[in-house]
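Shown next, in structure tokens, is the structure this report addresses.
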Protein chains: 2
Amino acid sequence: MARGARVSVATVSRALRDQPQVNERTRKRVVTVARRLGYVPNRAARSLVVRATQTLGLLIPDATDPIHGEIVTGFEQEAAAHEYTVMLADGFDDPARERRALEMFAMHRPDGITLLGSMLPQRVTRLMARTSPVVFVNGEHPHLAGYRADLTHGCIRADDIQGMDAVVRHLFDGGYRRLAYVAGPGNASDLTRRDAIARALETMSPSEPLRVYGALPRNGDTNGTLAAEIAKDRPDALICYDDKLAFQLIDQLRGHAVRVPRDIAVVGFDDIPFARMANPRLTTVAQPAVELGRRAAAMLLTAIRTGTMPRSIRLPVQLVVRESTINPAAQGGRRSRT
Amino acid sequence: MARGARVSVATVSRALRDQPQVNERTRKRVVTVARRLGYVPNRAARSLVVRATQTLGLLIPDATDPIHGEIVTGFEQEAAAHEYTVMLADGFDDPARERRALEMFAMHRPDGITLLGSMLPQRVTRLMARTSPVVFVNGEHPHLAGYRADLTHGCIRADDIQGMDAVVRHLFDGGYRRLAYVAGPGNASDLTRRDAIARALETMSPSEPLRVYGALPRNGDTNGTLAAEIAKDRPDALICYDDKLAFQLIDQLRGHAVRVPRDIAVVGFDDIPFARMANPRLTTVAQPAVELGRRAAAMLLTAIRTGTMPRSIRLPVQLVVRESTINPAAQGGRRSRT
DNA sequence: CTGAAAGCGCTAACAG
DNA sequence: CTGTTAGCGCTTTCAG
């Protein structure tokens with residue numbers, strides 16, 4: 001009880017947490033002394049008795065991706081606003097590492113966990129988390145393609161299908177007919193996007209079947225052969241799994257003297273910050289990334305508070321039209337060169 | 001002692017930590033039972049007695065910046081490799097929020113803290129961290145410009161000066177003479193880079209004084225007037241505070257019909273992933289970002305292990321020459337059009 | 001309104 | 001090799 005102000009530890013504890021039942025004068029004194037001594041309460045000790053750590057775990061697949069950075073930002077912001085600290089782990093797109101990270105989390109007993117773009121099956125994850133509520137953001141286990149297997153509670157995702165509908169419509173309006181999809185890593189988003197495009201295409205007419213290029217080696221760069229193939233085939237428009245892939249391709253196509261958008265239109269996904277400064281500026285589907293993160297934390301917080309996990313939600317995305325799908329040589333449509 | 005294998009808690013504790021002094025058979029039994037029961041030790045309880053949380057705090061200025069993402073990656077990787085969990089906080093480039101984040105950290109008693117690009121004065125920070133060792137990565141308090149005030153221990157930074165020397169030399173070799181610097185947010189890196197360029201320029205001849213444009217509104221985007229000014233002045237080459245700024249400028253200069261590199265050369269700083277896929281691909285100074293993060297964690301870890309903080313270090317950077325400083329119209333130099 | 005005491009889950013010291 | 005005991009720093013009854 002070196003906590004010096006000639007009062008008991010109990011009183012100190014109460015005073016520092018502004019409990020009403022403590023005399024204003026003693027409270028003042030306690031606070032003063034605490035500050036003078038530089039006293040900082042120990043959360044670990046507290047957590048032991050209140051059975052809550054004021055901590056949220058966040059598992060991300062790759063800190064390097066700017067879109068993940070935005071999600072982290074939103075998550076951290078919401079957590080911090082409610083006095084929660086976030087524990088971060090990087091799974092490096094590797095299920096084994098994700099598992100290990102969850103195990104480390106488990107020892108620290110976070111009050112909630114969110115998995116971003118995880119490849120792990122959701123039910124397994126929930127079991128591993130034992131007691132902590134879990135929220136999944138853009139779950140990427142392949143079985144989740146088409147959203148069909150997303151749990152009814154505790155899942156948040158951007159509406160890929162809606163996004164792709166908008167993309168296909170936009171391209172059709174621009175006169176593009178022979179569309180191609182450049183596949184990503186074969187995860188849920190990738191499959192969902194591909195299928196959404198194909199389906200949207202079927203509803204349009206005249207329609208040509210979707211050509212699919214891919215698949216991207218896991219987290220690796222495309223090798224040049226893909227660009228070469230595309231340069232030869234010359235579809236009208238390329239819809240890429242994400243912005244990063246789109247930029248890689250545009251860059252490589254430059255090497256084949258294929259110009260965007262003059263020779264071929266390109267669409268990305270995510271709307272990373274560079275999309276609007278690139279040359280050409282990239283048409284893409286904007287995910288509400290920060291919001292995704294914020295909502296994840298918020299969902300966890302209400303699960304903690306109320307004891308029940310809120311229902312899953314799907315956040316709308318937005319098509320952002322920029323230069324990469326607007327052929328300057330053709331007013332109102334690619335084919336209208338007459 | 002519901003920890004069920006008819007042994008005492010002490011034995012369980014020892015068995016689970018592979019202490020030698022425990023019988024192999026009982027250890028096996030304990031492990032089996034533990035797994036069957038899904039028992040996971042509580043780190044908070046442990047930390048209370050061993051006075052160590054197995055946790056490292058990381059404060060970053062902005063999770064959105066890809067370069068910070070890489071540093072986070074390195075840091076997390078090194079920490080995880082040593083069974084440490086990282087607590088992440090985002091300061092949003094705001095000293096007040098950084099302070100609050102440090103206070104939150106303090107309650108969780110991380111075994112070490114690193115501050116990335118923080119604007120806080122180092123000594124103040126060390127005081128706030130009380131007991132935890134602190135490592136600064138690329139400290140950005142303006143007084144740190146020119147590295148002069150970096151503490152002798154516990155600081156890591158990329159060698160901005162060396163980088164700018166290389167940039168100036170490269171530009172001179174390419175025939176560029178009228179150089180300009182586009183300033184950043186007025187932090188230590190910004191001032192250091194600006195001064196390094198000016199100084200390097202003085203050693204070259206024939207030299208013209210460095211023109212400085214700026215200053216970037218804190219964390220905001222450049223407004224168009226800057227690009228207009230540059231378009232009018234037409235320096236030979238633009239050295240930008242960082243890649244992001246460089247891309248913004250290139251984009252805006254496009255609006256003024258100023259082409260890079262034909263009309264003006266542009267250099268960035270950081271070598272974000274996008275730099276090598278942009279059009280034009282950007283000449284820039286590559287920071288060893290992942291390594292910076294790894295070293296920060298490593299430094300913390302040895303400080304924890306040995307009880308003394310290692311000496312400060314400066315990591316070399318590397319000039320990466322790409323299209324944005326190579327004028328295709330002029331072999332070997334901008335002015336050699338004869 | 002305040003203090004004394006018990007106990008959160010674990011480890012360390014000390015016996016056996 | 002294993003059990004008993006005390007105690008890490010806090011919160012929470014329960015008495016005063």
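Numbers restart at 1 for each chain; the letters A, B, ... are given by sequence-line order, proteins then strands.
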### Message
Check the phosphate of C:dC10 against B:Ser13, side-chain N and O only, distance under 4.0 Å to OP1 or OP2. Yes or no?
### Response
no
## Note on the structure
From CD of A:Gln19 across to C1' of D:dT12 the rounded distance in Å is 9 Å
### Message
Test of understanding: with side chain to side chain contact (heavy atoms under 4.5 Å, CB included), list the residues that count as partners of B:Ala298, not counting sequence neighbours.
### Response
B:Glu78
### Check against salt bridge (charged side-chain N to carboxylate O under 4.0 Å, His left out), A:Arg27 and A:Asp18
CA-CA 8 Å; A:Arg27 200 188 61 73; A:Asp18 297 307; 3.5 Å; yes
### Query
After noting the C-alpha distance and the side-chain angles of A:Asp160 and A:Tyr147, does the key distance pass the side-chain hydrogen bond (donor to acceptor under 3.5 Å, both in side chains) rule?
CA-CA 9 Å; A:Asp160 293 352; A:Tyr147 318 149; 5.1 Å; no
### Task
Give one of base, sugar-phosphate or nothing for B:Thr26, where a contact means two heavy atoms less than 4.0 Å apart.
sugar-phosphate
Heteroatom pairs (N/O) under 3.5 angstrom, protein to nucleotides 6-8 of chain D:
residue, atom, partner, partner atom, Å
D:dC8, O3', B:Arg51, NH1, 3.2
D:dC8, O3', B:Arg51, NH2, 3.2

### Query
Taking atom P of C:dT11 as reference, at what distance in whole Å does atom CG of B:Asn42 sit?
10 Å
### Task
Kindly indicate, with the supporting measurements, whether the criterion side-chain contact (heavy atoms from CB on, under 4.5 Å) is fulfilled by A:His141 and A:Leu120.
CA-CA 6 Å; A:His141 188 286; A:Leu120 297 176; 6.0 Å; no
### Task
Using atom CE of B:Met107 as one end and atom P of D:dT11 as the other, report the distance to the nearest whole Å.
10 Å
### Residues, nucleotides or ligands: over 12 heavy atoms within 6.0 Å of B:His82 NE2
yes
Any N/O pairs under 3.5 Å between the protein and nucleotides 13-16 of chain D? List them or say none.
none

### Task
Name all residues meeting the side chain to side chain donor-acceptor pair (under 3.5 Å) criterion together with A:Asp111; count only those two or more places apart in sequence or in a different chain, and write none if there are none.
A:Thr53
### Query
Through what angle, rounded to 10 degrees, does the axis of the helix from C:dC1-D:dG16 to C:dG16-D:dC1 turn between its ends, using five pairs per end?
40°
### Message
Does anything in residues 97-107 of chain B form a salt bridge (charged side-chain N to carboxylate O under 4.0 Å, His left out)? List the pairs, not counting sequence neighbours.
### Response
none
#### Entry: Value in whole Å for how far the P atom of D:dG9 lies from CZ of A:Arg17
17 Å
### Query
Considering heavy-atom distances to DNA chain D, does B:Arg27 or A:Thr11 have its closest nucleotide positioned more toward the 5' end?
B:Arg27
### Task
Grab the CG-P distance between B:Asn23 and C:dG16 for me, whole Å please.
22 Å
### Query
How far apart are the closest heavy atoms of A:Phe92 and B:Thr73, and which atoms are they?
CE2-CG2, 3.4 Å
### Query
For the side chain to side chain contact (heavy atoms under 4.5 Å, CB included) test, which of B:Val137, B:Val134, B:Ile156 pairs with B:Thr114?
B:Val137
### Task
Indicate whether OP1 or OP2 belonging to C:dG3 is found under 4.0 Å from a side-chain N or O atom of A:Ser8.
yes
### Query
Can you check the B:Gln54 CD to C:dC10 P distance for me, whole Å?
15 Å
### Task
Show your reasoning for whether side-chain hydrogen bond (donor to acceptor under 3.5 Å, both in side chains) applies to A:Thr85 and A:Gln54.
CA-CA 6 Å; A:Thr85 297; A:Gln54 295 269 82; over 6 Å; no
### Message
With a 4.5 Å cut-off on side-chain heavy atoms, are A:Val30 and A:Tyr39 touching?
### Response
no
